[in-house]
2 protein chains.
Amino acid sequence: MTTIKEVAKAAGVSVAMVSKALNNYPDVSEKTREKVRQTAEKLNYSPNVVARNLSSKNQKTIAMITSGFLRSESLDNSNSFDLLKGVYQATEEDHYELAMYFTETEKQQEKDYAKFCRERNIRGVVLSGIRLDDPYFKTLLETNIPCVLIDVKVPTENKLIGGVSIDNVQAAYDMAQYVIARGHTRLAVLSGEGEADVNGQRLKGIMRAAEAKGIDLGGKIINGEFKEQTAYDSVRAFLEQHQTNLPSALICFSDIMALGALKAIEEFGLQVPEDISLTGFDGLKITDYTHPTITTVKQPFQQMGYEAARLVQRIMEGKEGERQITVPHEMIWNSSVRDLTV
Amino acid sequence: MTTIKEVAKAAGVSVAMVSKALNNYPDVSEKTREKVRQTAEKLNYSPNVVARNLSSKNQKTIAMITSGFLRSESLDNSNSFDLLKGVYQATEEDHYELAMYFTETEKQQEKDYAKFCRERNIRGVVLSGIRLDDPYFKTLLETNIPCVLIDVKVPTENKLIGGVSIDNVQAAYDMAQYVIARGHTRLAVLSGEGEADVNGQRLKGIMRAAEAKGIDLGGKIINGEFKEQTAYDSVRAFLEQHQTNLPSALICFSDIMALGALKAIEEFGLQVPEDISLTGFDGLKITDYTHPTITTVKQPFQQMGYEAARLVQRIMEGKEGERQITVPHEMIWNSSVRDLTV
DNA sequence: TTTTATCATAAAAACGGTCTCATCACCTGT
DNA sequence: ACAGGTGATGAGACCGTTTTTATGATAAAA
């Protein structure tokens, strides 16, 4: 392992000069810089990031903190992984270090984000699957570490917080409009946890579209907790309870839940989309392989991760600018919605 | 940020004592140890892992190096992600640090694994998607860093290398036997890249089962490169070329390729499993949602990651023992294979 | 009583960098 | 000729730990 000292000796300059030369400090003569560069190259030297991270004032390390998916099935995580890929890509391009922290909601003592960051000299964080009212997130904020949240609209007053998401209101509105335009008036919604930010946004979009057409959703909002099994159970129960007045379309707030709903509907003896139409949300690839393929909203998770990492870097560098980034979503018009108007 | 110095001052002992007390060194009196523990607790102190990593002789940092999936579709990565989850879980349990390195085959200059490890004081590596003859892997070995490879049978003479995989020969053999037992004799195989270790293993298993029944696979081995699109193209071409003598079953070496094959078969105007039976490999969840569901071999990727991380830790600690771990696979008997014997 | 282990502790040297400051040579303007 | 500025350089403090080595106190052995 060649160290900076060896490079210094070989180049006949001081250690400080080597550091400055390689880090593009202005107060280094071109001659010295070139000499240092060449000897570093020759000795195959590359700085130790651990040492740099310890000594430097401005560490370039960010963390990605994600809540609750170690246990869950791989299918549920493909979006988390795409996020990670995006974050990774951005950090790699800008020579940042990336640390990951996966937390489980049930392991209380393990959830201290601030401690995780403090221990690792982390100066910026991308969070996903975490809510604004998470107590550990609050303590993290108190440490003045810039945070960017995925899928959350952040309060504008705190310049250290950013957010990245699609326009969930618009996407849900578009989806509801599409369904309504195909003649559906008896709508039901399979939503996630009420506390999640996206959940409220999407509900707002649906409401807006429904009210415009005078459609009432009272009692038609099912909670599926963003989980396949819960979705299955809830939809099953809902169908049995509303046998006499079944909805003609079920709008789901995640593809995972749509899969559970699809199963519940089929086992109830009904067909999608002949008897009940169905829509998803997220754009998992699996929606292209189900029978029928599921109409859904595709979120660009990898891009979201990338933008989040870039945004947190900008905040770390003290730059001004927009703290809320909206990335484009894409409607995937598959075949799970029946057109009642023809 | 409370440092070890502040704890030392508050406890009225030296910095060295704090370090030793908290790291369970034997030469610390119980009284001091307890006092240090309590003040550390009170001051909410937790050691800085960056500093520790720099100073300590035996760093507890491992890396997971994975080749070629940043670009690819999320579906292809669910196994990689499960691996990562397993590795993460093991590192977290044992208080190891984990660094990730995703490489792309085309970015030559970015592929220096040894450099990556050197820069980060990494002392053990889990590699996936990497072949024994990878030149960068070879240079990594020269640095005497313990390596554990996923999906590779490693040479036994080097005690610093380990491997984790299922019994690919047996799994492929089982699958072929199953297909043959259902009356199929006109088999074709959709294999991956010939250089991959698993590819050879699986082929061996198929061959063994086929030869036992006197089935000839000559000219029936299609290369799908482990990619959906390539699989689609290759199968399409194969079908057109063998119109007069179509196989009755196609054994695929990955679920991803099976998806491509399924599409190709259907677009060719044939049905699975009525006209051609199909099997996959890997056990991706999507195989339960396709139409028909795909019979496949399920690999426990998360467990493989976990075992790999544990194994590399054992090697790092200088422990003896088996360097090749075989984890159990599971056959998923879905509905993509037709029984010709009934 | 003196010598020798043993134990508990502290001081200080690493680890491999960054970065502040002091130094010095050289130029410029008066 | 001299003060003042500028540009290039190196010495050394520092980051927060671990780990080696030195030191002093106490107990056991001679």
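Per chain, numbering begins at 1; letters A, B, ... match sequence-line order.
Look at Y25(B) and you won't find any side-chain N or O under 4.0 angstrom from OP1 or OP2 of dC7(C). OP1 or OP2 of dT18(C) has at least one side-chain nitrogen or oxygen of N23(A) nearer than 4.0 Å. Note on T3(A): every side-chain N or O is 4.0 Å or more away from OP1 and OP2 of dC15(C). Phosphate contact (OP1/OP2 of dG7(D), side-chain N/O of S29(A), threshold under 4.0 Å): absent. Contact check, S55(B) against dG16(D): no side-chain N or O comes under 4.0 Å of OP1 or OP2. T32(A) has a side-chain polar atom (N or O) that falls below the 4.0 Å cut-off from OP1 or OP2 of dT9(D). Proximity of N58(A) to the phosphate of dC19(C): a side-chain N or O atom is located under 4.0 Å from OP1 or OP2. Regarding contacts with the backbone of dG17(C), every side-chain N or O of S56(A) stays at 4.0 angstrom or more from both OP1 and OP2.
Nucleotide dA8(C) holds its C1' atom 10 Å from the NZ atom of K31(B), rounded to whole Å. Taking atom CG on N53(B) and atom C1' on dC15(C), their separation rounds to 11 Å, with Å as the unit.
Listed here is the closest heavy atom pair of L132(A) and L149(A): CD2-CD1, 3.9 Å.
Comparing A16(B) and V18(A) by the nucleotide of DNA chain C whose heavy atom lies nearest to each, the residue mapping closer to the 5' end is A16(B). Between K57(A) and D27(A), the residue whose closest nucleotide on DNA chain D is further toward the 5' end is D27(A). Taking the nucleotide of DNA chain C with the nearest heavy atom to each of M17(A) and S14(B), the more 5' of the two is matched to S14(B).
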